Amino acid sequence: MRKRKSLIKLGIGISSVMIVLFFLGPYYWQIISSFKPDNELFRMPPTYFPKQFTSQWYRLIFIKRHFLRNIFNSAVIAGFTTLICLICGSLTAYAVSRLRFRFKYLILGLILAFNLLPGVSIVGPLFLLLRKIGLIDTHSGLVIPYISFSLPLTVWLLTSYFNQLPSELEDAARMDGCTPFQAYLRIILPCALPGFFAVLIIVFISAWNELFFALIYTNSQAARTVTVATILLQGSYEIPWGPISAASIAMSLPIVLIVILAQKGIVEGLTRGAVK
Amino acid sequence: MVRPKTRCKFWIVYVLGMVSLLVSFILCPIFPVSGLAVEKTKLVLDLFEEHKEPMEHTVNKFEQEHPDIDVVLWACPPTMDEHWSKLATLLSAGESTPDIVNIDVIWPPAMASAGWLEPLDEKFLPEEREKYVVAMIKAMTYGGHIWAVPWYMDGGILIWRTDLLEQAGYDPSQPPETWMDMVEQGQRIIEMTNGEVWGFVESMGRDEQIVCNFVEFIYGNNGEIIDEEDNVVVNSPAGVEAAQFMYDLIHKYKVIPPAATGYMLEEARYVFQGGKALFHRNWAYAYGLAQVKGSPLRGKVKAGPLPKFPGGMHATCTGGWNHAINRNSKHKQEAWALIKYISSYEASKERVLMGGRTPARKALFVDKDVVAEYPHYPSYLESYESGVVRPVHPMYLAMGEVMKTELHRVVTGEKTAETALNSMADGLRKILKTFKVK
Amino acid sequence: MAVVFLYPTIATVWYSFNRMNLVMPWMKGFVGLCNYVDVFTDPRFWNSLRITLYFVGLCVIGSLMLGSGMALFINQSFKGRIIIRIAILVPWALAMCVVSLMWKWMYNDQFGVINAILMQLGLIKDPIGWLQTGTLAIHTAIFIDIWRNTPFVSLLLLAGLQVLPTDLYEAAKVDGANAWRRFISITLPLWKPVILVTILFRTIGAFNWSFDLIYPFTRGGPGNATEVMPLYVYTLYFRNLTYGVASTVAIVMAVIVGIFAVFYVKSIGIKGYV
């Protein structure tokens, strides 16, 4: 029995290491590249740890290229996208999941239709529309398309998460005298928290990492996101790997932070959900 | 089951809430860009981020001389395709900014035909045009008008390792005269280093670059893509030979890494920069980077004109970027004043000496001070004067697409040179036929 | 949202019935179904469709297998799983454009890390040209896509697992069901809706948005071997400048994805979902 347990533990250990290596390997490579000077970057055989440590790339992007402003822009845009998506999406999902009305399937299908056309065909007409409202090169100008991309996923996912919660929960709450909305806030939300945080991560990261629309709808530092700023580090011919690695690491750090916080939230949500 | 009344209320609240959230968000832009004084005319100039510093220097001086004009610099996407996508979206929507667009040498006919540019015939006079290389001016001209002023010029050059060439027993200061000479020298170095160092490297990925390479080979073999009477002659024997040579470089002579068919521009340069090739074909910037302080190749490289085929010419593909005026711009006079200032001899010279790219004016390449800083510039001018242009046609982008697909099929061995060029010629003819002038 | 969505959609549909070329703006004209005929008789369209279906198929299946395996694995309690949960999200945290370029350089034959490691381990003698042939190129692209998108799949599936009520499991344990039985009868049926949604959006993502992966990676090469539909549409829009035909292809893409969606929902059973 003990042998079996330790074998299982060993199996878990090895799998964990392999998983971490597989997913984190290239990221580690990016991190060390961001600290290598130019002549070491693509030397063969490659060095797996920088022989010469340099912070020049980080200095370049933060001091010369004002990368912090880009991080701020991305944070605002992604933040608002996530907020609006979660609020509207969860209410819609709740309605679809719990209420019974005739056009349920139609609404789900229509919302999905937002995602069916490829971005390239939407870019032009949408540009005309946003320009009329005067939203080019502003945060709102990007939040609006991003919401329309992320909303379908939010609604569909949250609907499926809500469906997994039995309706007896609300019945119990209603018997205690809650309105449906209160039932939603106090009972369903905490139980579906893992789902919420998962969607939060996905929507936030999708909005943060998007390139094509951000490239075309922003012209200056006013609303330029981190992805555009990273691409702009490229020269018309050159691809300076030092600054690009530094920028990609810098732009992924806020995401990693959000992920850590969200995972904590998930764990808390789980423990709280257990106490019903 | 929720009662209908509650359900109704729920939806009303929900919709109202969503609408108000959205409206408030739109009406209150967060941290708007600091407003400019209303009296000043705002000119927007579109350029590459990497050229910002030298250009800011010029622009600041311009603003001093014209206190009522404020120039804003927009960073355009660095790659050609992304840049084109952005400009196409903006200009086809009739945007008035950027006032001055930064355009590639192959775009003027397309943009002019689409009605996005302002003709510059009255402003960019013939006497001025003579100060630029013929090929550049040819690329800016379409439909009897001229559409842009060159900003900086570029062309393909051959870069080589002088130390390796000496080691192989050849004169390190002379580039090979013909392509076969280069092949021979390349094969020698491969032999000597046991395959550690390749003979030649250039980017043969499925991109605009492979078209540029092909242009150099075909014109170097006295061939043409589209002749003066608009006949497609790319699949002439000269053209087929040129394409066949590209294939042979990889598969017959084996002087270039076979994976070069997947290399984009920078990867090829890194192979050379990493010391793994003797010869390299690239734009002028690559030589500059090889000679920069801290580069392991500093002092060990030289640049010169590309080889030719026997009986042909030392052809180099003309590249570079140019300034044009947006047809919908609200400040065309001021925009022209700025372009004139930027392209003036003194301003251009300052930018070149500040570390900017190769200039566009011929005279600057042989200017005393410039040559003192960059002694190889006169040899560049020699190459650029025999520059050739890719077809000057509004549908060039579509043609380029056909060309790069077929050329890539040749170098990967999917099709023979003759078959591919015949398909290419068919494709080009079809495109020419679809284009009907107004 | 509807307004934002409606206008571009209607515009696209309208364009698809018109002949439009950006550099010949005087040549606008309603051509009815001509564009559709052109598209369906173009071998390049069918080539692109075939490649895209293959690409999407392998990507979705690959990330589903890997993702669900990892979700189940992480759902067990063991020490240090927080680290794993954060680690697996890292590929998703990097932007696709950066990921694509990064992998391309890692795969380079002369100075790429992958060949270096393989040669140092003695597994290969000469560097492999990963992007040299169409087959290698497309499979390399699929691998990168799976690497980057499995976190998405596993995150959603994991959340789906964690929302499952635990008392069902306890009841089953009391009844004497073993782990496999519990998996088949409790986990799988309740998990199905989440799996559906995840696959659906993964398919939409791979079908419509794989541009960011393929374009920096191979630009559609060698030849046209990795030309997926988003890249093909992009070429039609911005290189051939034929907005009419491009819009037609866009509509066709939307319809195809729509068919997928209907197929998925039907196979899981819409009743099982709502």
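Order of the sequence lines fixes the chain letters, A, B, ..., with proteins taken first and strands second; residue numbering starts at 1 for each chain. Nothing here was measured: the structure is a model prediction, and the numbers come from that model.
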*ring-ring contact (aromatic ring centres under 6.0 Å, His included) with C:Phe45: which residues, sequence neighbours excluded?*
C:Phe40
*Say you draw a straight line from CZ of C:Phe152 to CD1 of A:Ile205; how long is it, rounded to the nearest 0.5 Å?*
10.5 Å
*Residue-level contacts of residues 98-112 of chain C with chain A, using a heavy-atom cutoff under 4.5 Å*: C:Val98, C:Leu101, C:Met102, C:Trp103, C:Trp105, C:Met106, C:Gln110, C:Phe111, C:Gly112
*When heavy-atom pairs shorter than 4.5 Å are enumerated against chain C, which of A:Gly195, A:Pro26, A:Ala262 gives the highest number?*
A:Pro26
*asked:* Between A:Tyr48 and C:Ile117, is the side-chain contact (heavy atoms from CB on, under 4.5 Å) condition met? List the steps.
replied: CA-CA 10 Å; A:Tyr48 297 105; C:Ile117 294 181; 3.3 Å; yes
*Value rounded to 0.5 Å, distance of CE in C:Met96 from OG in A:Ser206*: 11.5 Å
*Portion of A:Pro152 that has a non-hydrogen atom of chain C nearer than 4.5 angstrom*: both
_Test side-chain contact (heavy atoms from CB on, under 4.5 Å) applied to C:Leu200 and A:Leu112, step by step_ = CA-CA 10 Å; C:Leu200 178 61; A:Leu112 184 65; 4.0 Å; yes
*In Å and rounded to the nearest 0.5 Å, what is the CG to CD1 distance from A:Leu24 to C:Ile88?*
10.0 Å
*Taking every heavy-atom pair that is under 4.5 Å apart, which of A:Thr230, A:Ile260, A:Ile111 has the most such pairs with chain C?*
A:Ile260
*Using non-hydrogen atoms and a 4.5 Å limit, figure out which bit of C:Phe201 sits close to chain A: side chain, backbone, both or neither.*
side chain
*By a 4.5 Å heavy-atom criterion (distance strictly below it), what part of C:Leu156 contacts chain A: side chain, backbone, both, or neither?*
both
*Please look at A:Trp29 and chain C and tell me whether the side chain, the backbone, both or neither of the residue comes under 4.5 angstrom of a heavy atom of that chain.*
side chain
*Listed by residue number, which members of residues 243-251 of chain A have a heavy atom under 4.5 Å from any heavy atom of chain C?*
A:Ser248, A:Met251
*Check whether C:Met229 gets within reach of chain A through its side chain, its backbone, both or neither, counting any heavy atom under 4.5 Å.*
neither
*Sort C:Ala250 into side chain, backbone, both or neither according to what part of it lies under 4.5 angstrom from a heavy atom of chain A.*
both
*Between chain C and each of A:Val199, A:Val20, A:Ile201, count heavy-atom pairs under 4.5 Å; write down the option with the most.*
A:Ile201
*How long is the gap from CZ on A:Phe22 to CG on C:Leu66, to the nearest 0.5 Å?*
6.0 Å
_Please report whether the ring centroid of A:Phe23 lies less than 6.0 Å from that of C:Trp92._
no
_Using a 3.5 Å distance criterion without hydrogens, assess whether the side chain of C:Asp212 forms a donor-acceptor pair with backbone atoms of A:Leu211._
no
*Which of the residues A:Gly109, A:Ser121, A:Gly13, A:Ala198 is involved in the greatest number of heavy-atom pairs with chain C at under 4.5 angstrom?*
A:Ser121
*asked:* At a heavy-atom distance under 4.5 Å, which candidate from A:Thr227, A:Asn115, A:Val123 has the highest pair count against chain C?
replied: A:Asn115
*Nearest-0.5 Å distance that lies between atom OG in A:Ser15 and atom CD1 in C:Ile74*: 11.0 Å
*Step by step, work out the side-chain contact (heavy atoms from CB on, under 4.5 Å) result for A:Ile122 and C:Thr12.*
CA-CA 8 Å; A:Ile122 300 182; C:Thr12 310; 5.6 Å; no
*asked:* Is C:Tyr234 close to chain A through its backbone or its side chain, or both, or neither, when contacts mean heavy atoms under 4.5 Å?
replied: both
*For chain A, which residues of residues 143-151 of chain C have heavy atoms nearer than 4.5 angstrom*: C:Phe143, C:Trp147, C:Arg148, C:Thr150, C:Pro151
*Go through the atoms of A:Phe149 and report whether side chain, backbone, both or neither lie under 4.5 Å from a heavy atom of chain C.*
side chain
*Indicate the ring-plane relationship of C:Phe238 and A:Phe212, choosing parallel, tilted or perpendicular according to the 30° and 60° boundaries.*
perpendicular
*Can you measure from CG (C:Leu89) to OG (A:Ser252) and round to the nearest 0.5 angstrom?*
12.0 Å
